[in-house]
Every structure is written in C-alpha cells, then in structure tokens.
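What follows is a set of notes on a single structure, which appears directly below.
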Number of protein chains: 2
Amino acid sequence: MIDKLIDDIQVRCSNCSLDTLCLPRGLSEREVERISEVIKRKKTLQRGESLYREGDAFKGILAIKSGTAKLIRDDQHGNEHIINILLPGELLGFDGFSGNRHSCSAIALETLSYCELPADDLETLCLKIPGLMREMFRHTGEKLNHDSQQIVRNKRPAEERLAAFLINLSERFHRRGFSSIEFNLPLTRQEMGNHLGLALETVSRQLKKFQDQGLITVNHKNIQIHDIPQLKKLYL
Amino acid sequence: MIDKLIDDIQVRCSNCSLDTLCLPRGLSEREVERISEVIKRKKTLQRGESLYREGDAFKGILAIKSGTAKLIRDDQHGNEHIINILLPGELLGFDGFSGNRHSCSAIALETLSYCELPADDLETLCLKIPGLMREMFRHTGEKLNHDSQQIVRNKRPAEERLAAFLINLSERFHRRGFSSIEFNLPLTRQEMGNHLGLALETVSRQLKKFQDQGLITVNHKNIQIHDIPQLKKLYL
DNA sequence: CGTATTATTGACTCCATTCAAAGATAGTGG
DNA sequence: CCACTATCTTTGAATGGAGTCAATAATACG
C-alpha cells in the first residue's frame, strides 16, 4: 500500500532527478505532466535479467532510472554483439519500431530500475502532444547517429576505439553528475571486446598500454583517467 | 508548361510505379492521396551530386524514384564511410531527425530522381494521418535494424561481408522487378570497400575468389550470381 | 588519342586474433 | 572464516587475415 504510493510519487517525471536528461528534457512542464500519467514504473532487475528479448513484441519505450544496461544482438555463431550501453536517463526500445518486434535484447548490467511509456499510449499521446512526437523523432535520430558513428569507429585501430569508448563513458557519466575522471566500468573485458569488436585480450593489453603511458589507472573495473586531452588526441 | 503538368502527374504517388515499395506501402489509398498533395518532385541529379550534405538543415524525408545513392559519413582522416546504399523506392533523410541537421551526406551514384516530403508538412501531416506517423516510426526502426546489423556483420571476415552484400543487393533488386542473378554494381571497388570496411584490393581479390569457385561471374561492374544458396551458406 | 580513373595482381608487413597457461577475484556453502 | 569453484583477467607466443605498397592493365572520358 505504502509502496504503491511511493511508486506513484516517484514515477512522476517532474519529481524524477533525471528530468533534465530523460524524455522530459525536450518537453514543457505541461507536457511532462501529461506523459507522467501513463508512464509506468517497472520492477527492479538484477544483473543478467532482461528488459526485453530479441523477438519480443514491442511494448513501449523504456527509460533507465538507475543502473546500466546493454543492448545486444546475437549472431548465428552464438556471439554477443553489444550495440550500445545505456546509462540512467537514456531511452531504449526503438529497435521494436519495425514490425512491432524487437530486433535486439536489452540486458541489465547491474541492479536496474526503469520506466515504460507503453506502446498503446505512445501513438495517441504523440497525437495529443506534438512535442512528444518531435522528441521521439529526435531520439530515434540520435540512435541512428550513434549507430553510424559506431560503424565508422569500428574500422579504426583498437587504440582509437578504446580511447573513444573511455572518453564517451566519461562524458556521459559527467552529464549524470558523476565524476568524469574516475568511474567503474559496467562491463567485463569480454563485453568491452564485444562492444568494440575486439578480443578480450586486446582490450586488456590496450588498457595496460594506456596505463603504462600514464593516461589512465586501471584497477579491475575501476578506471581513473589522468589525461583526457591526450586520450582524445588518439582518435580526434 | 507541359513539363510542369507531367511533373504534377508523376508526382502523385498513386501513379508512381514504386507505390508498393515506397512510403505508400504502409498507407491506405486515402492516406496516399493526402500525402501526394505535399510531396515534391525534385530535380534530377547526376553521379556525384548530393541530395544533402552533412551539416545541412533537415528539409524533409526523401524517396528515391530512380537511380541509386550512397549515404556517407566522412571521418577526420578524409576517408569516406558508406553507411548504406539506397535503391529506388527507399527512403532517406532520417539522419536529419536529431538537431534538425544531417549527420550524413547523401550522394547520387548515377543519374537519380527523387521526391521530398517536406519537413514543414511532416509534423502536421503526421498529426492528421496517424498511419503516416506509424510508417515514419517503422522506417526509422528499420534503419536502426539495418545499422545494427551492419555493426555485427562488419566484425565478420571479408568473405562473409562480401557474400552478404551481394545477396542483399540481389534481393533488393529482385523486389524492384530486376533480375536477382544479374545486375550492375552501382559502386566502385573502392566504394564497396568503404561500405564493407575492407581495402579495395581485398574486395577485388574476394570477388575473383568467388568467381574461381564458380559462385559468380564478375565483369567489371556486372555481376552474375550462379549459386545463391552457396553464397548464402558463407554467412548464414 | 591521350589522360584520368578504376581494377587487378603480387609481395611484404603488421595488427589483432587465437591458443595456452597462470593469476586474481568474487561468490558459495560447509 | 576459510576452502572451493566459477568467472574474469593478465600475459606470452605463434599465427593469420587483411592492409599497404607498388607496378601493371584495363576502361572511361573528354
């Protein structure tokens, strides 16, 4: 009973600490109020549990509230390919837009809570709230840009890919109020490899090389970045 | 004067031979009539001319009427990366959805004619024609799927990438009423390399290998596919 | 017909993968 | 609390696929 009340309060986007990052970012106060009425707070997941699986029916656009997730596709050889990493305030589910079936799976990388803008309401809501439609288009556009950027980046040498990945994480953590120079990788070496198109050994060796060069300090999943400009130089 | 009349007639989607492939595919007859009123027929382009350039303001969603185009991003080293190839009836421009600026350039690969659904009308039209909004979402979803598929495929060996590329072209030509076993590549070896993340020499060698294996016959840009199932086996 | 672009082919090189083994960490249950 | 196991990470050595360099050939174009 109390839990339900708390949920009702927390799910209001205007009370959410992520309102400057998440869907509300591009919406007016009134518009946020209206989408708040249909946004559903979903149950918390543990590492390894899925937000949705490839082939699932599209149920709605999701927003990470806390924790991180990976967006993956499995190939015919049983290898996992990580298309993207999702941080709090980021949206996912757009891969379900075509054919109303998801073409990717979304898996929690750690304890994760999230919200859902149900598919049923999405269309009606877009008609009533033009700002929402614009935001949906903008977000899909950003996803497209991310993917094409990824296609380009994956052709570069291991050193550049990893440098770009670290800086990208750093900047995204920073925008969420975390430190940009010290954070924990939400991924294993294997997963970083899957994301960057490298063998896990290559990731390990490359991290060590950055450390030997004094650019970073690696301690298992903990990363300290000492020289952001130098790291950026490697791929810019 | 006469030209203008012809244009007015041709631009009506219901009279267009591509109406089963292009935007009209997912729309009712009435809906097609309504979008026809705002669709603009654009002037014909020659090889190398651009439909839009990276950084350009988003002006609308485009549809290829005849000819082919490439969607590219240039990296910091002046290398061109081909994100996608566009055939008649296919839509492009979605990379302009975020920030109202294009993040890619679209360049004609041969003489090309195309239509435009202007950005100004897009939003109002989506509000009036729910089917159009659904179609826009579906198309962006398909673009996302294509890109993530590309990310996965680009990690595979050269042989698989090229086989998949040839079969993909074959099937898309087929859907447009062309032969699936004989067609002209709209790309140079260099461009195929740029698309598949390979050196042009690798493309050339790999094509020769397929030919030596009796899978295809290559004659400059002309390709004859002799054994589609075997070619598919290489990557499935 | 000459020039520029595009394609083929060979030889060499190198970056990243693969294979292999050892070391470290976290989680589990006795 | 510690042993035990599974998972993850590091490091080395060898291999190989594709890139680079270079020269030639073929084609398209003005």
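Note that the coordinates shown come from a computational prediction; the quantities given were computed from them, not determined experimentally. Naming: A, B, ... by sequence-line order, numbering from 1 per chain.
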Note to self: By the 4.0 Å heavy-atom rule, please label A/Gly193 as base, sugar-phosphate, or nothing.
What the structure shows: nothing
Give the table of side-chain donor-acceptor pairs shorter than 3.5 Å for residues 228-235 of chain B, with sequence neighbours excluded, one pair per line with atom names and distance.
residue	atom	partner	partner atom	Å
B/Lys232	NZ	B/Glu171	OE2	3.3

Notebook entry, point to check: Under 6.0 Å from the CD1 atom of B/Ile181, do we count more than 12 heavy atoms belonging to anything else shown?
Noted result: no
Next item on the list: Would you kindly give the CG-to-C1' distance between B/Leu185 and D/dA28, to the nearest whole Å?
Entry: 17 Å
Notebook entry, point to check: Which class fits the ring pair A/Phe94 and A/His139: parallel under 30°, tilted 30 to 60°, perpendicular over 60°?
Noted result: parallel
Check: For DNA chain C, what residues of residues 198-205 of chain A have any heavy atom nearer than 4.0 Å?
Finding: A/Leu198, A/Ala199, A/Glu201, A/Thr202, A/Arg205
Note to self: Roughly what angle, to 10°, lies between the helix axis at the start of the helix from C/dC1-D/dG30 to C/dG30-D/dC1 and the one at its end, five pairs per end?
What the structure shows: 50°
Item checked: By side-chain contact (heavy atoms from CB on, under 4.5 Å) - contacts of B/Ala69 (at least two apart) -> B/Leu51, B/Ile64, B/Leu86, B/Leu112
Checklist line | Bounds of contact between DNA chain C and chain A, in 5' to 3' order, using a heavy-atom cut-off under 4.0 Å | finding: C/dA16 to C/dT25
Checklist line | Partner residues of A/Arg73 under the salt bridge (Lys or Arg N to Asp or Glu O under 4.0 Å) criterion, sequence neighbours left out | finding: none
Item checked: Euclidean distance, atom CD of residue B/Gln46 to atom C1' of D/dC29 [Å, nearest integer] -> 15 Å
Next item on the list: Name every residue in residues 66-77 of chain B that has at least one heavy atom under 4.0 Å from any atom of DNA chain D, in order of residue number, or write none if there are no such residues.
Entry: none
Next item on the list: For residues 85-110 of chain B, pull every pair meeting salt bridge (charged side-chain N to carboxylate O under 4.0 Å, His left out), keeping only residues two or more places apart or in separate chains.
Entry: B/Glu90-B/Arg172, B/Glu90-B/Arg176
Note to self: Strictly below 4.0 Å, N to O, side chains only: are B/Lys42 and B/Glu49 in salt-bridge contact?
What the structure shows: no
Check: Between residues 206-225 of chain B and DNA chain C, which residues have a heavy-atom gap below 4.0 Å?
Finding: B/Lys208, B/Lys221
Next item on the list: Give the rounded distance in Å between these two atoms: CD of B/Glu159 and C1' of D/dG16.
Entry: 15 Å
Next item on the list: Would you indicate whether the side-chain heavy atoms of A/His77 and B/Arg156 approach each other to under 4.5 Å?
Entry: yes
Next item on the list: Applying ring-ring contact (aromatic ring centres under 6.0 Å, His included), name anything that partners B/Phe210, two or more places apart in sequence or on another chain.
Entry: none
Check: If every non-hydrogen atom of A/Arg161 is compared with every non-hydrogen atom of A/Arg153, which pair is closest and at what distance?
Finding: CG-O, 3.5 Å
Would you mind writing out the side-chain donor-acceptor pairs for residues 214-224 of chain A within the sub-3.5 Å range, not counting sequence neighbours?
residue	atom	partner	partner atom	Å
A/Thr217	OG1	A/His226	NE2	2.4
A/Asn222	ND2	A/Glu182	OE2	2.5
A/Asn222	ND2	A/Asn184	OD1	3.1

Next item on the list: Find the distance A/Met192:CE to D/dT10:C1' and express it as a whole number of Å.
Entry: 13 Å
Next item on the list: Check whether more than 12 heavy atoms from other residues, nucleotides or ligands sit under 6.0 Å from atom NZ of B/Lys155, and answer yes or no.
Entry: yes
Note to self: Could you check whether B/Lys208 pairs with B/Asp212 (Lys NZ or Arg NE/NH1/NH2 to Asp/Glu carboxylate O, under 4.0 Å)?
What the structure shows: yes
Note to self: I'd like to check B/Asn145 versus A/Phe97 (side-chain heavy atoms, cut-off strictly below 4.5 Å). Are they in contact?
What the structure shows: no
Next item on the list: Would you please name every residue forming a side-chain contact (heavy atoms from CB on, under 4.5 Å) with B/Lys59, sequence neighbours left out?
Entry: B/Glu116
